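Residue numbers start from 1 in every chain, and the chains themselves are labelled A, B, ... in the order their sequence lines are given, proteins ahead of strands. In this text, all values refer to a predicted model and were calculated from it rather than measured experimentally.
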Amino acid sequence: MIALLDCNNFYASCERVFRPDLIEKPVIVLSNNDGCVIARSDEVKKMGVKMGTPIFKIRDLIVKNNISVFSSNFALYGDISRRIMKILQNTVSDLEIYSIDEAFIDFIYKSDIEYESLNLVCKIMQWTGIPVSVGISTTKTLAKIANHFAKKISINNILFLDSEKIIDFYIKKIDVKDVWGIGYRYSNFLHDKGIFTAYDLIKRNDKWILDNMSINGLKTVYELRGIKCFELQTSELPKKNIRNSRTFSKDTNDYNKIKKAVSSFASKSAEKLRSQQCVASTIFVFINTNKYKSINENLKLNGKVNLKFSTNDTSVIISEALKILDEIYIPGYFYKQAGVIISDFSVVNQNQLGLFEDVSKKIKRDKLMGSLDYINSVMGNESIKLACEEFENGWRINQSNLSPAYTTRWNEILSVNI
DNA sequence: TCTGGGGTCCTAGGACCC
DNA sequence: TCTGGGGTCCTAGGACCC
């Protein structure tokens with residue numbers, strides 16, 4: 001059996017932990033830059049607000065229904081997530097942390113899985129204040145479906161799909177678009193072909209599925225039929241690429257601002273790269289103009305470089321990224337977004353040294369990067385950084401409704417007046 | 001006025017080889 | 001005029017996930 005544990009309306013629930021006055025009141029959390037809705041409490045879902053709705057389209061609704069609006073506070077959500085995963089680590093036998101608010105698990109005691117699940121739900125609520133749901137079945141894809149219905153119809157937020165009869169009942173009820181692995185393109189295609197539920201889909205033959213939805217589509221169908229194709233991934237795999245990008249708070253034609261932003265993205269990418277003990281050999285930089293404005297200005301510019309010597313040195317990655325920026329930048333346009341992606345990793349101590357690489361210099365640079373990471377880890381993020389990264393709020397995002405970092409910053413800790 | 005950010009995997013087609 | 005068969009590697013783009 002595989003269980004999927006999923007936090008209910010995770011970001012909204014995190015905000016409520018420190019604002020219990022908002023329990024059972026409508027809450028939304030916005031994307032970076034306060035652009036669109038990325039989390040909704042149940043009350044807001046009932047009002048018909050969809051995931052990703054731009055905030056300016058629901059201004060009236062917010063006022064009318066007195067919806068509490070929060071800017072996204074990833075320091076807080078990340079910390080609460082770590083606490084929940086820690087509880088799981090100490091409670092279950094196998095754990096795959098699938099996302100910030102989801103984990104696939106297997107239980108130690110398998111004789112009464114529903115009881116185990118209930119214990120877990122209660123413990124997480126008591127220790128962190130976050131409501132969670134558990135769906136259990138024979139494959140990951142079915143556990144996902146179990147979880148989907150656990151949130152909707154189960155009284156205790158737990159649903160166990162074990163017998164074939166019960167599985168059949170639910171896969172006849174679920175729209176293919178809500179099946180894990182079937183996105184909006186495939187679901188439109190399937191609807192056109194007269195396939196509306198997961199049950200309709202599994203009745204199609206394998207060849208048809210393979211031809212139209214490729215191998216992953218077929219795996220999904222097998223999983224729906226109760227045949228395991230996706231195993232529990234219990235150890236964390238290193239990332240294959242690292243991306244840092246932002247939409248600017250205001251479109252900008254100021255080259256220096258973009259340069260500082262790109263430097264800063266490159267630096268953050270390098271830091272993440274070092275934290276997984278890797279070096280990278282490909283650097284990709286992109287800048288985009290505003291896609292919602294006139295066609296003429298809808299530019300997507302990008303470039304990349306393959307380095308001769310793989311590196312995780314911040315200054316090298318920044319200077320290479322800036323060279324690319326220099327090449328792709330076209331003056332006279334207003335840019336909306338920029339980003340840096342690094343890829344083609346190898347593990348630090350397995351990396352072949354270049355024949356013409358200056359080894360003594362490299363050792364010095366490695367030490368320097370080590371010190372930089374150490375100071376930032378002890379003194380707090382961005383305590384020191386390179387001079388080319390931004391210092392003022394040149395391109396920083398809008399966060400006008402940001403809640404305090406209650407659990408990760410001493411000066412923002414909750415105070416209680418008695 | 002105002003539309004997020006960070007990932008993975010697969011496939012078709014082109015370039016190149018003998 | 002007629003133009004094979006078999007392979008590898010790389011890349012862009014498309015699909016999906018949270």
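- When distances are taken from the side chain of A/R246 to each of B/dG6, B/dG4, C/dC16, the shortest belongs to B/dG6.
- Distances shown here put every side-chain N or O of A/K144 at or beyond 4.0 Å from the OP1 or OP2 atom of C/dC17.
- Not one side-chain nitrogen or oxygen of A/Q337 sits closer than 4.0 Å to the OP1 or OP2 atom of B/dT3.
- A/D34 comes within 4.0 angstrom of nothing in the nucleic acid, heavy atoms only.
- Taking atom CD on A/Q399 and atom C1' on B/dG5, their separation rounds to 13 Å, with Å as the unit.
- Between A/R59 and B/dT1 there is no side-chain polar atom (N or O) within less than 4.0 angstrom of OP1 or OP2.
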**Request:** Let me see the working for A/K323 and A/S319 under side-chain hydrogen bond (donor to acceptor under 3.5 Å, both in side chains), right down to the final yes or no.
**Result:** CA-CA 6 Å; A/K323 273 189 225 162; A/S319 71; 5.4 Å; no
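- In this structure, A/K239 and A/D251 both approach DNA chain B, and ranking their closest nucleotides by distance from the 5' end singles out A/D251.
- One can place CG of A/N288 at 14 Å from C1' of B/dT3, the figure rounded to the nearest angstrom.
- Base pairing of C/dC10: its partner is B/dG13, meeting the Watson-Crick or G-U wobble criterion (both donor-acceptor distances under 3.5 Å).
- Protein atom CG of A/D211 is 17 Å distant from nucleotide atom P of B/dC10, rounded to whole Å.
- A donor-acceptor contact shorter than 3.5 Å links the side chain of A/R274 to the backbone of A/N312.
- Distances from the side chain of A/N241 to the nucleotides B/dG7, B/dG4, C/dC18 place B/dG7 closest.
- Among the nucleotides B/dC9, C/dC18, C/dA15, the one closest to the side chain of A/R185 is C/dA15.
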